[in-house]
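Structure record follows, encoded as structure tokens.
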Amino acid sequence: MDPQSNQNVPSIVEEKITKHNGDIQIRQYLKGKFLGKGGFARCYEFTNQETNAVCAAKVVVKASLTKSRAKQKLMSEIKIHRSIRHQHVVQFQHFFEDAENVYILLELCQNQSLNELLRRRKRLHELEVLCYSSQIINALKYLHAHRIIHRDLKLGNLFLNEKMEVKLGDFGLASKLDFDGEKKRTICGTPNYIAPEVLEGKSGHSYEVDVWSLGVIIYTLIIGKPPFETSDVKTTYKRIKMNAYSFPDHVPISDAAKDLISKILIGDPSARPTLDEILNHDFFRTANIPKALPPSFLACPPSSQYIKQHMPQLANYQSTQIQQIQRLESTAPANIANPSGFQTGTSRPSVQQNPSQNMMMTDRGGAFRRPNQQSSEKQLPQSQTRPMSSADNQPQFYPPSINTIQSNQRLLSAPQNVKAQGDSIKPPNVWVKKWVDYSSKYGLGYLLCNNSTGVFFNDSTKILMDMNGKNFHYFERKAVNSQEKQDVMTTHQLSEYPKDLQKKVTLLQHFRSYLENTNQAQNIPGSSGQSQDVDMVDDSSKQPSNVYVKKWMRTKHAIMFRLSNKIVQVNFQDHTEILLNSESRQVTYVNKKGERQTLPLNAALESNNAEMTKRLKYTKDILTHMLSSNNNLASANGTGSSQVKGQNQQPLMSAHTKRGAEPPLSDMRGGLSSGVPSSQTNRKPFNVLN
Ligand SMILES: Nc1ncnc2c1ncn2[C@@H]1O[C@H](COP(=O)(O)OP(=O)(O)OP(=O)(O)O)[C@@H](O)[C@H]1O
């Protein structure tokens, strides 16, 4: 509570009204409850003593308006706000002044702002996000149709009235265009929500800045914190300009929501979807969106019954999927199912706690659809619905998390006393040594044990650079006949290659340097990077260099790669590994100590090494599960990749694979500092007028 404000002491405020005949009438308001304060106003409940009508009064101290800019801002706010009327805009009622203050009387929003709601709830269910964001979009559509840009769209300016309707308020930074193509140049906004074109300030900005902020809001409500938030504003701007954000693994989010957010948060404002396109996005088709939510949701998340009622498709889908997942979970080794060191607690809801959100992750939708488009477009493959990234030509590379790096270097430094059994038993010669999952933006990058680097892009093309770094192979799926598709490989020199591959080659190089520069030993307790390198030269550097990752997926407990050499590699969270050679039907198992053992599949299944057989069964179950859901990785079991239709680069079951919190971006790229979230920073508008 602010001691200066005397904020909760009721007092009477008098408005002098001069009548036509010159008489003065006094209207009295009881200044009641303090509602909150912003950068330049305090807000109170005002009760009209004559009518008993209650409203919110924004009180601006006149002494704070000495600078002409501040005065201008207030006048502009009043001028714009009083000119509009919409169900989802805080209704402007009246304004007056006395010797000390200016009073703006507004429709009272009793249920505070979305900011307070999020603070209470930490994050919202996607159904709630749909409900709130569709109302925000309605308000924005109205404003934009009246050539008004809000320019300060944020949770703190989105209020809830007693009917739980969203009301957009605070028009202090709003601007009215004189004509549609006009660009505004004033640098204004609130750091976390500000669009990159405002920061660049080169060619001005327009309505698209509100669309950007809407994307930030959707992300923030689902994930629980703004996408670009850091502890200092400069770093936040850097992140915004470089479009450096990611979806944390520990928070469930549907593919449709991810897709929409990544389409909105695009640097080029002209590439952002329009408000109508957003409303027609698949995300808005995942539910029968209620007009308003019950007030109980201010404090508690929706019940599963409520979700079922509004997301019936999800509910049906959910029950079968949950059973499948529970079956998989039950076959997972105990220490994998609940490994120590995993995040626990409320920030990591389990499938059972919040099944709908987890299940939504398997919804592969997410395309924009115009109102008349056929539903068949729903089945567009991800490569069409989710282009590689924004329209930028120079991709910015910010891998989401150094924690995503896993290593199976221990395969190389395995003790010699664990021998392969029998003459015909040969351990695999190429496997994934390190990887980084950056599929929230570009794809999966990986380093093989033979030092080749590859990327599996989100559009399902693949690229592989051999260890000398002079050539690269590019793989695209093409139809070989009317029924079959296969990866078709073209080889290029790095000094000369088709221009349209430039972006992918740049990304490959970023991935390569990122993976190579990551401290190899950090995930391998007790081992040294040096000895691994020596081993690697002896062991695998002479192996064929065109082995690449054909498919991959992540589950709650593991990441799986299917390599083009018919190896299925499964890296478990507890650092054990399975390498399954479907051709020779042999299994290599790496235990927690890094000891490896290669043996025939049948022998492995019947072995009395319980740890290994559990993991092998888990691998088999996942492969079976994927086979039944038409997943490509299943083709590694010998059915041939060309017969499988789906592409799977998204996590199938859960987003909880990574350990630990999001690391500081400074670890990944110079100049950026730790991303410690702060509830207080970055909320105030800056440079209000210039
Ligand atoms: N219509 C309303 N109903 C209820 N509370 C309101 C209303 N308008 C504003 N408030 C409360 O008053 C606080 C300050 O209002 P507002 O954000 O409009 O002030 P401001 O000084 O213009 O803020 P900013 O610094 O964002 O420009 C809000 O955070 C909110 O808590």
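Counting starts at 1 for both ligands and their atoms, following the listed order. Quick caveat: nothing in here was measured; it's all calculated off a predicted structure.
Taking only non-hydrogen atoms, the option from Gly156, Gly36, Cys109 nearest to atom 3 (N) of ligand 1 is Cys109.
Contacts between Lys58 and ligand 1, counted as non-hydrogen atom pairs separated by less than 4.0 Å, involve the side chain only. At a heavy-atom distance under 4.0 Å, only backbone atoms of Lys37 (N, CA, C or O) approach ligand 1. At a heavy-atom cutoff of 4.0 Å, ligand 1 is contacted by both the backbone and the side chain of Leu35.
For ligand 1, the polar-atom distance check against Cys43 finds no nitrogen or oxygen pair separated by under 3.5 Å. Considering backbone and side-chain N/O of Ala56, none are found under 3.5 Å from N/O of ligand 1. The shortest N or O to N or O distance between Asp170 and ligand 1 is below 3.5 Å. Polar contact check, Leu108 against ligand 1: no nitrogen or oxygen pair lies under 3.5 Å apart. Of the N or O atoms in Glu107, one or more lie within a sub-3.5 Å distance of an N or O in ligand 1.
Residue contact check: Phe40 has heavy atoms under 4.0 Å from atoms 21 (O), 22 (O) of ligand 1. Against a heavy-atom cut-off of under 4.0 Å, Val90 is close to the following atoms of ligand 1: 1 (N). Ligand 1 places these atoms under 4.0 Å from at least one heavy atom of Gly38: 14 (C), 19 (O), 20 (P), 21 (O), 23 (O), 25 (O).
Within the 4.0 Å heavy-atom shell around ligand 1 one finds Lys154.
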- [ ] Give the C-alpha distance, both sets of side-chain angles, the deciding distance and a yes or no for salt bridge (Lys or Arg N to Asp or Glu O under 4.0 Å) between Glu182 and Lys184.
- [x] CA-CA 7 Å; Glu182 189 187 349; Lys184 288 287 168 186; 3.2 Å; yes
- Test Tyr207 against Asp180 for side chain to side chain contact (heavy atoms under 4.5 Å, CB included), laying out the working first. CA-CA 9 Å; Tyr207 305 115; Asp180 260 342; 2.9 Å; yes
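Of the residues listed (Val89, Val211, Leu153), the one engaging Leu140 in a side chain to side chain contact (heavy atoms under 4.5 Å, CB included) is Leu153, and it is the only one.
For an aromatic pair to be called close, the ring centres must be under 6.0 Å apart, and Phe228 with Trp212 satisfies this. Remark: aromatic rings of Phe297 and Tyr306 are close, center separation under 6.0 Å.
Because its NZ or CZ atom is not both nearer than 6.0 Å to the ring centre of Phe159 and within 45° of the ring axis, Lys167 does not count as a cation-pi partner of that residue. Taking the centre and axis of the six-membered ring of Phe40, the NZ or CZ atom of Lys73 falls inside the cone set by 45° and 6.0 Å.
In this model, a donor atom of one side chain and an acceptor atom of the other lie less than 3.5 Å apart for Lys441 and Asn243.
Residues that satisfy the side chain to side chain contact (heavy atoms under 4.5 Å, CB included) test with Glu162, not counting sequence neighbours, are Gln110.
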